[in-house]
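All figures in this text were calculated on a predicted structure; none of them were measured in a lab. Throughout, numbering of the chain's residues begins at 1 and tracks the sequence.
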Amino acid sequence: MSTAIAVTSHDLVLPPTDQQTPTAALLQAPDAQPLEAALADMQVLVEQHGYVVAVYSASLPVAHERRLHTVRSILESDRIALLKLDLPPLGLAVLVRQLRQLSICDFSAGVVASAARLLSHYIHAGALLNSVTKLDHVPVSLKAHAKSWVPGSQFGVLANPDPQLIKIGNGELTGPEFGTQLLVGKGQLQSDWVTATLAPAWQVQGVQEMPLLADSPRWWGTSKMIEFAAFLPDISVLYQLVSSVRREGCSWCGLELIGDRCGFCSAPLSPAENQTNGSGVLSQGAPMRPGP
């Protein structure tokens, strides 16, 4: 029985990379679905799959987030994980697809849920913007704000894993030190910088373009942009990353987990329990065992 992955927007369900990757369930907003229907849908998911891992953005409207917690509370279910993640839309969609891939592997639901924090460290999510005046999710200096008013200015921004901001033509964004593919969401900005400059500099193994996600202009503060996310595409590498981390039993709910926090009840592990089987990071062309 596979763990169900659920999302709050159709945009977060990217096309699968293979025929085995399952889709994700949609948890609709309060204005699109009555509470009774939302409860019934979630109950069916739990009955069919055993466990549900719901992934949503930290910028999700408050009413929608409150609905998720209300459903879990009324059902009194410890089989529903609510994962609130501070990733840009395209990066979050990539992570959701990776969790969908892992959901049919031989990992328990607790491991799948807690793997989200681990895998997010290996997603390099950013955008090319024509303005940073309304960018709220990445620190922007006053100097960058001033340059944003200069006609023709463009900025490369990395939101995850480590925030960075450069003016195009002055500096480079730090990329992954391991093999990735690049997914590109095309907005209203006309530029080949992402595919012609960034992709070669990051030594990506492939580039795929797609339409810009609906929530991306709001998240980045402008529609004149190109969003991108570099990610690990190989399920075998994802599997190795997750399986290399020591598994623990949650002292609160009893579910299996990796890392330092349970994905279902959010209970933290004590420092003595938070240990891994190995150390190291992924390097270009040769995956190594990472810590959480």
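Partner Asn160 forms a side chain to side chain contact (heavy atoms under 4.5 Å, CB included) with one of Asp86, Leu85, Leu95, Leu87 and no other, that one being Leu87.
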Show your reasoning for whether side chain to side chain contact (heavy atoms under 4.5 Å, CB included) applies to Leu232 and Phe178. CA-CA 8 Å; Leu232 295 165; Phe178 44 87; 3.5 Å; yes
Please assess Leu183 against Met210 for the test side chain to side chain contact (heavy atoms under 4.5 Å, CB included), listing each intermediate value before the final yes or no. CA-CA 8 Å; Leu183 189 60; Met210 59 176 285; 3.7 Å; yes
Run the numbers on Ser103 and Thr21 for side chain to side chain contact (heavy atoms under 4.5 Å, CB included), then give the verdict. CA-CA 9 Å; Ser103 70; Thr21 302; over 6 Å; no
Applying side chain to side chain contact (heavy atoms under 4.5 Å, CB included) to Asp162 and Thr174, what does each step give before you reach the verdict? CA-CA 9 Å; Asp162 299 307; Thr174 302; over 6 Å; no
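Taking the six-membered ring for Trp and the full ring otherwise, the centers of Phe231 and Tyr122 sit at least 6.0 Å from each other.
Put simply, the side chain of Gln205 does not reach to within 4.5 Å of the side chain of Thr180, judged on heavy atoms. At a threshold of 4.5 Å between non-hydrogen side-chain atoms, the residues Leu238 and Asp234 do not count as touching. Within the 4.5 Å cutoff, the side chain of Gln208 has no heavy atoms near those of the Gln181 side chain. Side-chain contact check for Leu128 versus Glu227: every heavy-atom pair is 4.5 Å or farther apart. With a 4.5 Å cut-off on side-chain heavy atoms, Leu99 and Val96 do not count as touching. Looking only at side-chain heavy atoms (C-beta outward), Arg247 and Leu257 stay at 4.5 Å or farther from each other. For the pair Leu182 and Val194, the minimum side-chain heavy-atom distance is below 4.5 Å. Taking the side chain as every heavy atom from C-beta outward, Leu35 and Ile74 approach each other to under 4.5 Å.
Thr197 meets the side-chain hydrogen bond (donor to acceptor under 3.5 Å, both in side chains) test with no other residue; sequence neighbours excluded.
Formation of a donor-acceptor pair under 3.5 Å by the His124 side chain with backbone atoms of Ala230 is not found in this model. Of the possible donor and acceptor atoms, none in the side chain of Ser73 sits under 3.5 Å from a partner among the backbone N and O of His69.
Rounded to the nearest 0.5 Å, atoms CZ (Arg100) and OG1 (Thr3) are 14.5 Å apart.
Arg72 and Asp78 are not joined by a salt bridge, as no carboxylate oxygen comes within less than 4.0 angstrom of a charged side-chain nitrogen. We find that Glu65 and Arg67 are not joined by a salt bridge, their nearest charged nitrogen and carboxylate oxygen being 4.0 Å or further apart.
Using a 30° and 60° split on the angle between ring planes, His137 and Trp219 fall in the parallel class, below 30°.
There is a path of hydrophobic side-chain contacts, each under 4.5 Å, that joins Ile166 to Leu158. One hydrophobic cluster holds both Ile168 and Val184 under the rule that ILVMFWY side chains link at heavy-atom gaps under 4.5 Å.
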